[in-house]
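Letters A, B, ... mirror the listed sequences (proteins, then strands); counts begin at 1. Quick caveat: nothing in here was measured; it's all calculated off a predicted structure.
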Number of protein chains: 2
Amino acid sequence: MSEGPNIVRVAALIGDNARAEVLSALMSGRALTATELADTAGVTKQTISFHLGKLLDAGLITVEQQGRHRYFRLAGPDIANLLETLMGLAVHSEGSRLFTGPRDPALRKARICYDHLAGELGVSVYEHMLRTNILHQHPGGLQLTEQGRVWFNQFGIDTDALASSKRSFCRECLDWSERRHHLAGALGSALLTRIQELGWAKREKNSRVIVFSAQGEKLLWAMLEPQSAPPVSAQQAAVIF
Amino acid sequence: MSEGPNIVRVAALIGDNARAEVLSALMSGRALTATELADTAGVTKQTISFHLGKLLDAGLITVEQQGRHRYFRLAGPDIANLLETLMGLAVHSEGSRLFTGPRDPALRKARICYDHLAGELGVSVYEHMLRTNILHQHPGGLQLTEQGRVWFNQFGIDTDALASSKRSFCRECLDWSERRHHLAGALGSALLTRIQELGWAKREKNSRVIVFSAQGEKLLWAMLEPQSAPPVSAQQAAVIF
DNA sequence: CAGGTGGTTCGACTAGAATCGAACCATGAG
DNA sequence: CTCATGGTTCGATTCTAGTCGAACCACCTG
């Protein structure tokens with residue numbers, strides 16, 4: 001009867017309020033404890049433990065013990081990718097009652113997707129990088145060009161160190177709100193981290209929203225424009241804050 | 001509490017045996033009647049009617065009335081895409097008991113994904129097309145090159161007619177078994193149709209498997225090889241490297 | 001050591017969902 | 001018109017899965 005892999009198990013797992021809430025919370029890329037998760041999901045500790053067990057079984061999340069805490073996180077970028085795909089579809093399926101809450105616009109503008117930048121800003125930065133040939137789409141996958149390497153280094157990111165890590169260096173990820181791609185992988189992760197280091201943007205507490213300061217957004221674009229700014233040196237940029 | 005779109009509804013919908021079976025069956029791209037679906041899902045007519053109602057509500061499938069029959073099909077390529085993504089994840093999550101049934105190898109080799117070719121053959125054909133510059137990955141999306149147009153026309157596909165249709169002309173689609181991309185969109189659809197027209201491959205009854213004749217597979221590759229097929233100049237193919 | 005907090009296990013309760021039998025409504029064939 | 005067939009609706013049944021209360025274990029702190 002059933003050909004192919006067993007979709008049902010995974011889908012059913014996600015198709016529960018509490019668990020979906022957990023997974024969404026973990027989309028922030030943060031590692032959270034069981035009680036924190038219980039809190040955001042709005043259930044008791046016992047219940048969350050039950051759910052976390054199931055998610056672990058299925059390999060959707062992983063744990064790391066640290067003292068008497070257990071930190072849970074998504075098992076990998078694949079999972080985050082699936083969740084974003086689902087959101088992209090759900091946003092249509094919702095149809096009638098689409099309550100665009102107050103946080104929603106901010107969420108569309110810029111948010112964290114697992115560990116990299118997503119939303120309007122995420123895709124426009126990514127597409128800009130393609131246009132200006134910092135990144136290049138190659139049959140085998142996305143590639144960092146030589147000038148891209150220079151750009152990232154000047155931005156204060158050690159691309160060589162990243163490349164030697166085991167995780168996928170750079171790849172694209174589908175954005176649910178924009179329905180276009182943004183940058184993911186080690187490079188995407190490093191980019192966002194650096195942006196936060198420079199104080200250009202901050203994460204909103206308990207949310208996936210990322211708020212750019214007006215200044216920060218301007219500086220980012222300045223950094224990307226090839227003519228207007230021969231890449232601002234990292235130190236110089238950092239001075240601002 | 002919950003930010004972003006409501007994943008739960010969609011996921012829960014897929015997370016049921018009968019409905020997942022329905023969706024999988026519709027991945028074949030065929031339009032099927034309610035009783036056919038009831039049959040493949042292994043439930044009675046009443047039950048399938050119930051499930052189809054839910055899937056319709058959520059906009060995952062659509063109906064078309066024809067006489068006293070109602071033909072159901074997937075609502076669009078997005079849905080197919082989501083399902084493939086899910087399969088890609090499930091294949092890992094299954095872990096221990098992965099019963100690779102007898103049909104499985106055939107399914108990995110070549111299968112239909114909504115309406116285009118997937119599996120080993122699907123991705124290698126697609127990647128070959130990129131290498132030989134029939135298709136080109138462009139920041140805005142996938143593009144058919146001029147020489148690609150010629151190639152498709154010689155293959156008996158009227159690309160201009162396709163381009164004027166409303167649906168997305170050509171795009172890539174992630175392959176769950178290969179974890180790489182294959183060709184989708186109107187162009188991908190036309191390609192598969194033409195291959196079947198030529199008798200190079202046939203669909204297995206009641207399954208997503210596509211069986212190529214030894215002859216057919218050979219002819220397809222001959223068609224793609226740059227030296228034997230004039231449209232692609234060796235020069236342009238070499239440009240990539 | 002005792003006390004407090006983070007997490008899990010067990011058992012029982014409950015709500016919701018899937019299922020089917022049976023009756024019902026349409027459409028097409030003869 | 002009558003009969004057969006494709007589908008839906010309704011009601012009743014069954015069962016699974018989420019939930020919590022309570023007890024329990026593990027670890028850290030004082």
Pair A:Arg111 + A:Glu84, salt bridge at N-O below 4.0 Å: yes

Option among B:Asp175, B:Leu142, B:Leu117 that satisfies the side chain to side chain contact (heavy atoms under 4.5 Å, CB included) test with B:Tyr126: B:Leu142

Residue whose closest nucleotide on DNA chain D lies nearer the 5' end, A:Gln65 versus A:Ala12: A:Ala12

Lys/Arg N to Asp/Glu carboxylate O, A:Arg30 vs A:Glu36, below 4.0 Å: no

Under-4.0 Å side-chain N/O to phosphate OP1/OP2 contact, B:Thr47 with C:dA18: no

Any A:His51 side-chain N or O less than 4.0 Å from OP1/OP2 of D:dT19: yes

Rounded interatomic separation in angstrom, taking CG from A:Asp16 and P from C:dA15: 17 Å

Sugar-phosphate, base or nothing in reach of B:Asn17, heavy atoms under 4.0 Å: nothing

Per-nucleotide protein contact string for nucleotides 1-15 of chain D, where B marks a base within reach and S marks sugar-phosphate only (heavy atoms under 4.0 Å, - for neither): ---BBSBBB------

Spacing of A:Asp57 atom CG relative to D:dA17 atom C1', expressed in whole Å: 15 Å

Set of ring-ring contact (aromatic ring centres under 6.0 Å, His included) partners for B:His51, sequence neighbours left out: none

Result of checking B:Thr159, B:Asp160, B:Asp158 against B:Asn153 for side chain to side chain donor-acceptor pair (under 3.5 Å): B:Thr159

Carboxylate-amine/guanidinium proximity below 4.0 Å for A:Glu64 and A:Arg73: yes

